[in-house]
Protein chains: 2
Amino acid sequence: MAESDPQPPSKGERTKERIVAAALELFRAHGYEATTMRMVAEAAGVSLGNAYYYFENKDLLLAAFYREVHEAHVAEARPLLGKQRTLHGRLLAVLQSKLVVIEPYHRFSALMFRSAADPESPLNPFHPAGADIAREGEALFADALAGSSTKVPKDLAAELPSLLWTYSMGIVLYWIHDRSPGHQKTHALVERSVELVASSIKLASNPLLRPFRRKVIELVRDLRLPSPG
Amino acid sequence: MAESDPQPPSKGERTKERIVAAALELFRAHGYEATTMRMVAEAAGVSLGNAYYYFENKDLLLAAFYREVHEAHVAEARPLLGKQRTLHGRLLAVLQSKLVVIEPYHRFSALMFRSAADPESPLNPFHPAGADIAREGEALFADALAGSSTKVPKDLAAELPSLLWTYSMGIVLYWIHDRSPGHQKTHALVERSVELVASSIKLASNPLLRPFRRKVIELVRDLRLPSPG
DNA sequence: GACAGTTCTTGAACATGTTCAAGTTCTGTC
DNA sequence: GACAGAACTTGAACATGTTCAAGAACTGTC
């Protein structure tokens with residue numbers, strides 16, 4: 001992702017960067033909905049039409065914002081993972097850091113989720129533009145899993161990252177609707193559900209539950225929807 | 001819902017009804033997005049502004065459509081429930097009838113879901129306009145549960161309807177993104193996941209799993225988000 | 001049946017996302 | 001350095017959801 005590109009940025013790339021920068025600043029200041037494409041164009045010092053030359057539609061600017069938030073999450077979560085060895089602690093680290101990072105963007109996240117749920121939108125996880133972020137999110141959970149002291153059966157380990165990522169999206173959806181002060185309900189949900197998830201994963205190794213586990217895993221494996229690439 | 005109102009419909013009510021009827025017809029013919037408020041107004045024989053007098057925004061017409069689809073689902077599911085006694089069969093009846101009913105409205109459902117996920121939208125389950133339908137959906141699952149031959153522990157039975165409704169929304173979300181021919185993947189998901197859900201519910205009665213079950217139930221009970229009313 | 005107030009209706013105006021035909025600037029080739 | 005084609009830029013125009021001030025029709029009261 002961040003390897004130093006050999007080429008200096010072309011003119012077009014610099015313009016595009018100016019537009020993103022202007023957009024993100026305006027989004028932060030006024031929110032996504034109150035920010036018009038005309039405002040973005042003016043702040044970036046380009047014409048309205050030119051903004052559309054680089055971003056086919058406003059949603060793609062939302063995607064750029066989402067990417068930034070996502071990267072902030074990864075940056076926040078990685079160091080925390082260094083300090084945790086238990087599965088429980090590591091999942092908690094990933095989810096709690098997510099809540100911390102998105103905290104300032106409650107309304108924004110709702111819009112994000114809205115778009116992500118729409119198969120026509122470039123932000124959904126099955127669209128090329130949105131798929132990267134989804135995969136990186138899964139990778140974070142893969143890390144959380146791999147570095148933990150808990151041994152997870154191989155077949156399950158293969159499916160868990162995407163299951164955990166889906167679970168985390170569920171948490172976000174809950175948070176979006178959570179109006180409790182400080183979103184304390186979501187924090188409670190994270191604490192308590194992570195415990196249940198961690199114990200479920202441990203339970204899954206229990207030979208008594210093996211047939212059940214196999215069924216779940218096969219279902220997930222067979223029915224994963226294709227993503228681009 | 002359908003008790004014969006003592007009052008004959010007032011002029012305003014009839015106008016409103018005309019607008020809904022026109023809207024639903026146009027939605028079915030051209031889809032929601034391609035139907036403009038001007039088209040609706042014209043088809044209903046009222047002015048544009050008048051359409052807005054009765055429906056604050058276009059989303060509320062979407063909600064009216066959603067209600068109709070929901071009622072078709074209930075009408076489809078109830079008779080099927082009469083023929084099934086096992087929990088598995090009854091859940092299957094509710095979910096499969098849902099898929100049958102929404103089949104013609106794939107794009108429409110995506111838009112529906114989009115709006116439902118947005119806390120600002122009148123269609124979300126925590127908003128008065130959307131809460132009714134959500135509650136009726138839960139009621140359907142409550143029926144499926146109550147009439148089944150499977151004995152469910154009381155504490156779990158109290159929480160299951162809303163859990164199952166949430167589960168069904170997950171299925172719908174999957175279906176929205178399912179591009180397989182005939183949505184066969186979603187059908188497979190329903191068949192196989194219902195089996196897992198039904199066995200989980202039975203497993204939940206197992207004394208060995210009691211502590212786990214209690215934790216799940218308490219979590220759900222404590223952290224249910226408040227709905228209006 | 002005149003009056004007051006409420007309900008209903010209208011069409012023009014507005015804001016904003018998006019498109020597009022036309023122009024300008026850049027890049028590589030001879 | 002002239003030329004051709006690609007990349008970039010522009011601002012006007014468009015479609016559509018939404019608002020609003022003004023007026024028409026209705027309802028109940030005296």
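A note on names: the letters A, B, ... follow the listed sequences, proteins ahead of strands, and every chain is numbered from 1.
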Salt bridge (Lys or Arg N to Asp or Glu O under 4.0 Å) involving [X] - partner list, sequence neighbours excluded:
{"X": "B:Glu195", "value": "A:Lys215"}
{"X": "A:Glu159", "value": "A:Arg224"}
{"X": "B:Glu68", "value": "B:Arg28"}
{"X": "A:Glu218", "value": "A:Arg214"}

Rounded distance in Å - [atom1] ([X]) to [atom2] ([N]):
{"X": "A:Met37", "N": "D:dA12", "atom1": "CE", "atom2": "P", "result": "18 Å"}
{"X": "A:Glu13", "N": "D:dA7", "atom1": "CD", "atom2": "P", "result": "13 Å"}
{"X": "B:Glu33", "N": "D:dG17", "atom1": "CD", "atom2": "P", "result": "10 Å"}
{"X": "B:Arg38", "N": "C:dA12", "atom1": "CZ", "atom2": "P", "result": "11 Å"}
{"X": "B:Arg14", "N": "D:dC26", "atom1": "CZ", "atom2": "C1'", "result": "12 Å"}
{"X": "A:Ile19", "N": "D:dC8", "atom1": "CD1", "atom2": "C1'", "result": "11 Å"}

Item checked: Bend angle of the helix from C:dG1-D:dC30 to C:dC30-D:dG1, end axes from five pairs each (to 10°) -> 0°
Margin query: It should be established whether A:Thr15 places a side-chain nitrogen or oxygen under 4.0 Å from OP1 or OP2 of nucleotide D:dT9.
Written below: yes
What pairs with [X] under side chain to side chain donor-acceptor pair (under 3.5 Å), at least two apart in sequence or on another chain?
{"X": "B:Arg90", "answer": "none"}
{"X": "B:Asp118", "answer": "A:Arg107, A:Arg114"}
{"X": "A:His73", "answer": "A:Ser97"}

Next item on the list: Give me the residues of residues 40-57 of chain A where at least one heavy atom lies under 4.0 Å from an atom of DNA chain D, by number, or none.
Entry: A:Val46, A:Ser47, A:Gly49, A:Asn50, A:Tyr53, A:Tyr54
Next item on the list: List in chain and number order the residues that pass ring pair (Phe, Tyr, Trp, His ring centres under 6.0 Å) with B:His106, two or more places apart in sequence or in another chain; answer none if no residue qualifies.
Entry: B:Trp175, B:His183
Checklist line | Contacts of B:Tyr32 that satisfy ring pair (Phe, Tyr, Trp, His ring centres under 6.0 Å) - sequence neighbours left out | finding: B:Phe27
Notebook entry, point to check: When you look at CD of B:Gln184, are more than 12 heavy atoms from neighbouring residues, nucleotides or ligands closer to it than 6.0 Å?
Noted result: yes
Atom pairs, protein N/O to nucleotides 24-28 of chain C N/O, distance under 3.5 Å:
none

Next item on the list: Please find out if less than 6.0 Å separates the ring center of B:Phe108 from that of B:Tyr66.
Entry: no
